[in-house]
Amino acid sequence: MMQSEGGGLGTLTFDEYGRPFIILRDQDRKTRLSGLQAQKQHILAGKTVAHTLRTSLGPNGLDKMMVSADGDVTVTNDGATILSMMDVEHQIAKLMVELSKSQDDEIGDGTTGVVVLAGALLEEAEHLLDKGIHPIRVADGYQCAAQVAIERLDQIADAFPVDPKNPEPLIETAMTTLSSKIVNRCHRQMAQIAVEAILSVADFERKDVDFELIKVEGKVGGKMEDTQLVKGVIVDKDFSHPQMPKEVKDANIAILTCPFEPPKPKTKHHLDVTSVEDYKKLLEYEKEKFDEMVKQVKDTGANLVICQWGFDDEANHLLLQRELPAVRWVGGPEIELIAIATGGRIVPRFQELSKEKLGKAGIVRELTFGTTKDRMLVIEQCQNSRAVTIFIRGGNKMIIEEAKRSIHDALCVVRNLVRDNRIVYGGGASEIACSLAVSEAADKNPSIEQYAMRAFADALDSIPMALAENSGLHPIKTLAGVKARQVKETNPRLGVDCLNKGTSDMKEQHVIETLLAKKQQIMLATQLVKMILKIDDIRTDEDKA
């Protein structure tokens, strides 16, 4: 005889001998992977994402074209951008996307390298799992190896003083970052712009840089070489009336967040105009109010108004008559930047406007572009020269967007050098040096973790191998040659000569990376791989699988 009781998760049932057993609900519609099979599926997902980015690594890395659902095309070789735009379903692959995003948020550069390294670590872990080594021992071995690698990076790091009078080392580091981007044909100029922008806004006492003070603005048209750094603010607006002057010198700027409109009650209101006299009175009242507003602004000594809101044609005409140039519909972030640059205060009411709250700028002029009617305003020679704008030009929107991402990477690298001025040499040199140090430490380790440490050393070699492969060189032969020379000459600066300059010494080639970025890459990749190796059971609904 069988009897059953209903339950939330399943059913409790008794067999003919009275022994209870539970039938779990919906088991036929769930899939389950466990043990080695689950780990192998995770490793495959991670490897697939890493192989997608592998060809984008280095100065000769190839670009990827991403087409969004609404047809927008993006061409980039920035790892974080590629992964964020990829349609990724698998949960472990999503972790790889998060990995590149965290590298981008913290460091700003090395987003491709960190994913390639994580993919290589997973690939090596697969061989170890096949040999029967427990995943926890692999994870522990990787952790020991990462510590050895980071200690080795500290030993081989060089430091140079961050001196505004001698920006050359900073420019060389920024050029290394930009060498793999679309802008590499004028990467010296872009690097100089990035370094100058950072040095203008850097706070050397706190060793920090406020990115809010650097605005990156782009305009289609012109050559990429026309990109410039403006010591001030560029606003994508023009003067509100075409007959207003195109240039204002010694500008005293009133920065308003109140509209040039007659006052309205805050509550819902209804106004009935029953006669012509009432209508005329209303018009007179409005005109009076406009006159009063313009007079309040003029009385403070302002000769330029920047307003967050719009104003109607009557107010516009009155401003022109009273010779008070004005700009309307300026966005919130731009208003704040103008206030910081000019030393002015943002004024929410006309009654609060005073001479002390005005911003000051040497010149405000209107820029025109080619044969188009596009105009922009440039506010220069500001009181506070710490607010700067990088103005990018390019043949099309796609190039400008990629140039913005490239400039952002370069700005981040220079900012990291202001924070910590230690550097390591690129071109795979630091990875090879770490690989050799980890291999040496593995030989001295008596436990089973030594296998995982050797695997970590092999995974580090995947970065210089990818660089060689993307440069059209023979990957294994190149790596073996450089590795042998590093051991023989005890020179940790030897790397892959990607640009065929005839020397493998990265110091001579000026291929420089920040120590912060390299450390972060190794730490983040190791943490993620350890986490993936510790997952041994997956349960999913069939319709989501």
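Starting from 1, each residue takes its place in the sequence as its number.
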Exercise. Is E123 salt-bridged to K47, going by a charged N under 4.0 Å from an acidic O?
Worked result: no
Exercise. Ion pair present between E98 and K101, side-chain N to carboxylate O less than 4.0 angstrom?
Worked result: no
Seminar exercise, completed: Contacts of N500 meeting side chain to side chain donor-acceptor pair (under 3.5 Å) (sequence neighbours excluded), chain-then-number -> none
Exercise. Does the distance from a Lys or Arg side-chain N to an Asp or Glu carboxylate O, for E334 and K237, drop under 4.0 Å?
Worked result: no
Problem set entry | Salt bridge present between E225 and K223 (N-O < 4.0 angstrom) | no
Problem set entry | R493/D505 salt bridge by N-O under 4.0 Å criterion | yes
Review item, side-chain donor-acceptor pairs of residues 146-164, under 3.5 Å, at least two apart:
residue: R152; atom: NH1; partner: Q155; partner atom: OE1; Å: 3.2
residue: D154; atom: OD1; partner: K519; partner atom: NZ; Å: 2.9
residue: D158; atom: OD2; partner: Y425; partner atom: OH; Å: 2.8
residue: D163; atom: OD1; partner: K165; partner atom: N; Å: 3.1

For this session: Output yes when E489 and K483 qualify as a salt bridge under the 4.0 Å nitrogen-oxygen rule, no when they do not.
Result: no
For this session: May I ask you to decide whether D420 forms a salt bridge with K207, counting only side-chain N to carboxylate O separations under 4.0 Å?
Result: no
For this session: Look at E508 together with K501 and state whether they make a salt bridge at an N to O cut-off of under 4.0 Å.
Result: no
Exercise. Does a side-chain N-to-carboxylate-O contact under 4.0 Å join K231 and E380?
Worked result: no
Problem set entry | Interatomic distance, I390 atom CD1 to K215 atom NZ [nearest 0.5 angstrom] | 12.0 Å
Exercise. Counting distance only, does the side-chain N/O of S471 pair as donor-acceptor with the main-chain N or O of L473 below 3.5 Å?
Worked result: no
Problem set entry | D203 and R206 ion-paired at < 4.0 Å | yes
Exercise. Should D236 and K219 be marked as a salt bridge (charged side-chain N to carboxylate O under 4.0 Å, His left out) after you check the CA-CA gap, both sets of side-chain angles, and the distance that decides it?
Worked result: CA-CA 9 Å; D236 195 359; K219 196 78 179 171; 3.8 Å; yes
For this session: Determine whether more than 12 heavy atoms belonging to other residues, nucleotides or ligands lie under 6.0 Å from atom CD of Q228.
Result: yes
Exercise. Any side-chain donor-acceptor pair under 3.5 Å between D461 and S435?
Worked result: yes
